[in-house]
Each structure stands twice: as C-alpha cells, then as structure tokens.
Amino acid sequence: PNSVTSLGAAAFFRCTSFLLRIVIPNSITRIDYQTFSECDSLQQIIISNSVKIIGDWAFSECKSLKQISIPNTITYIGVGVFSQCVSLEQVNLPDSIHTIGDSAFEACESLRQITIPESVSCIGDGAFWGCKALQQINIPNLVTSIGHEVFDGCKSLRQITIPNSV
C-alpha cells in the first residue's frame, strides 16, 4: 500500500524460490539492511525514483540477478549492497553517486562492465574484489580515495585508468 515508506531489515531475507521480480513503488524511500539478501531466484529489480537510501547488504547474494539500474536519487552505494550477486553482468550507476562503499560489488563474478560516474570521489575497500569477468575500468577525475583490495581477484582486468587526483 501507499502508506508503506520503507522496507525493513531482512524483510524478504532468503525468499529463495518464489520471488522473481521486484518493483519498488513510489511510496518507498528507504530499503533497509539485507531487505532482499539471499533471494536466490530474484532476476529483476525496478527501483523507483522515490528511493533515497539503499541499506548495506540490501541485495547481497541474489544469485540470479543479472542487471540493475540505480535511480538518480541515490548518492551512496552502501557496504556489500550487491555482494555475491554472481550472475550480475551490468550495472547502471547514475551521476548522483558520490561513494561506492566497501565490498559493494564484491564477488560479482559475471560483472563485465560498470561505468563509474564522474561524480564519484571514493571507492571503498574491496568494492570490486573477485569480479572475475571485469575487463576494463576508468576511475573518474574526482576520485581521491581508492580503498584496499578494490580490484583483488579481477582476473580478466586488462585496462585501468587512474587519474592524477588519486
């Protein structure tokens, strides 16, 4: 219903077989910690522009998720938000993002492409750790901090552009 404004912590945690698609309605402004974590069958997420906060580990271990578009109302990709989404191939990050948190895309083994927007200034520890399929990455000019082990285990990474600002 329209009266619901947030999805609580672990509200749909481990909904393993029946949850295939999620459409976050306009009434929701917050998706809390681990809300959809370990929803193994989840393939598609549509997040409305009303969402301002996506909590840490919110979609971690959604093993069937292949693609996600983040609305331009989000400024921070939190800790482990998409960690271990092993089927995730493509992520569209808006220009509103300023920070990519620790382990945000950790062990997204199928992630081949991600464009880091020019607005990003900080990439947290292990943000892309274990992204085995990632082949190329361009670090924007505003980035002043790249954490530890950000690209550790990125076995296919062939090209990386790092600006003087780092």
Side-chain angles (χ1 to χ4, degrees), residues 7-24 28 30-48 51 53-72 74-94 96-117 120 122-140 143 146-162:
L7 298 172
F12 298 94
F13 182 70
R14 291 189 181 142
C15 289
T16 56
S17 61
F18 66 89
L19 192 58
L20 302 176
R21 182 175 187 258
I22 300 167
V23 178
I24 307 293
I28 302 296
R30 179 184 185 94
I31 300 169
D32 280 334
Y33 173 83
Q34 283 190 326
T35 299
F36 295 100
S37 185
E38 296 186 39
C39 291
D40 291 343
S41 299
L42 183 61
Q43 298 171 8
Q44 183 181 19
I45 304 165
I46 299 171
I47 302 173
S48 74
V51 175
I53 297 168
I54 299 176
D56 295 346
W57 309 100
F59 299 101
S60 64
E61 297 186 56
C62 290
K63 298 187 186 307
S64 299
L65 184 64
K66 291 188 179 204
Q67 182 179 347
I68 184 76
S69 290
I70 308 293
N72 63 6
I74 303 296
T75 59
Y76 171 72
I77 301 295
V79 174
V81 169
F82 298 103
S83 175
Q84 298 182 49
C85 291
V86 295
S87 298
L88 189 62
E89 296 174 354
Q90 184 178 354
V91 178
N92 297 319
L93 296 176
S96 59
I97 299 294
H98 298 288
T99 302
I100 298 174
D102 296 350
S103 304
F105 298 97
E106 175 185 82
C108 291
E109 297 175 355
S110 300
L111 186 63
R112 283 183 251 177
Q113 180 182 352
I114 187 165
T115 300
I116 299 176
V120 171
C122 179
I123 301 173
D125 294 344
F128 298 99
W129 183 94
C131 291
K132 296 177 183 178
L134 191 61
Q135 297 177 2
Q136 175 183 333
I137 196 119
N138 291 322
I139 308 294
V143 171
I146 298 176
H148 300 283
E149 300 178 338
V150 171
F151 301 106
D152 187 5
C154 295
K155 296 177 181 183
S156 299
L157 193 60
R158 300 288 180 252
Q159 182 178 346
I160 187 164
T161 304
I162 300 173

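Starting from 1, each residue takes its place in the sequence as its number. What you see is a predicted model; the values in this text were computed from it and never measured.
- Thr75 OG1 to Ile54 CD1: the interatomic distance, rounded to the nearest 0.5 Å, is 10.0 Å.
- Using a 4.5 Å heavy-atom threshold, the side chains of Tyr76 and His98 count as separate.
- Across Phe36, Phe59, Trp57, a single residue satisfies ring-ring contact (aromatic ring centres under 6.0 Å, His included) together with Phe82, and that is Phe59.
- Going from atom CD1 of Ile68 over to atom CG of Leu88 covers 8.0 Å, rounded to the nearest 0.5 Å.
- No donor-acceptor distance shorter than 3.5 angstrom exists from the side chain of Ser83 to the backbone of Ala104, with no hydrogens or angles considered.
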Worked verdict on Ser60 versus Ser37 for side-chain hydrogen bond (donor to acceptor under 3.5 Å, both in side chains): CA-CA 5 Å; Ser60 64; Ser37 185; 2.8 Å; yes
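- There is no side-chain donor-acceptor pair under 3.5 Å between Ser96 and Asn72.
- Scanning both residues, Ala127 and Gly101, for their nearest heavy atoms gives CB-O, 3.8 Å.
- Between Pro94 and Pro117 the shortest heavy-atom distance is O-CG, 3.1 Å.
- At least one side-chain heavy atom of Phe128 sits under 4.5 Å from a side-chain heavy atom of Ile114.
- If you run side chain to side chain contact (heavy atoms under 4.5 Å, CB included) between Phe105 and each of Ile77, Val150, Leu134, only Ile77 comes through.
- Atom CZ of residue Phe13 and atom OH of residue Tyr33 lie 8.0 Å apart, to the nearest 0.5 angstrom.
- Contact detail for Ile74 and Ile53: the closest heavy-atom pair is CD1-N, 3.9 Å.
- Leu20 has its side chain within reach of Ser41: a pair of non-hydrogen atoms, C-beta onward, lies under 4.5 Å apart.
- To the nearest 0.5 angstrom, Ile31 atom CD1 is 8.0 Å from Ile45 atom CD1.
- Across every non-hydrogen atom of Ser48 and Ile28, the tightest pair is OG-O, 4.3 Å.
- Between the side chain of Asp40 and the backbone N or O of Lys63, no donor-acceptor pair lies under 3.5 Å.
- With values rounded to the nearest 0.5 angstrom, Gln84 atom CD is found 4.5 Å from Glu61 atom CD.
- Between Val120 and Leu93 there is no side-chain heavy-atom pair separated by less than 4.5 Å.
- In terms of heavy-atom proximity, Ser110 sits nearest to Val86 at OG-O, 2.6 Å.
- Note that the OG1 atom of Thr115 and the CD atom of Gln113 stand 5.0 Å from one another [nearest 0.5 Å].
- If you check the side chains of Arg21 and Gln44, you find a donor sitting under 3.5 Å from an acceptor.
- Shown here for Gln67 and Asn92, the closest heavy-atom pair between the two residues is NE2-ND2, 3.9 Å.
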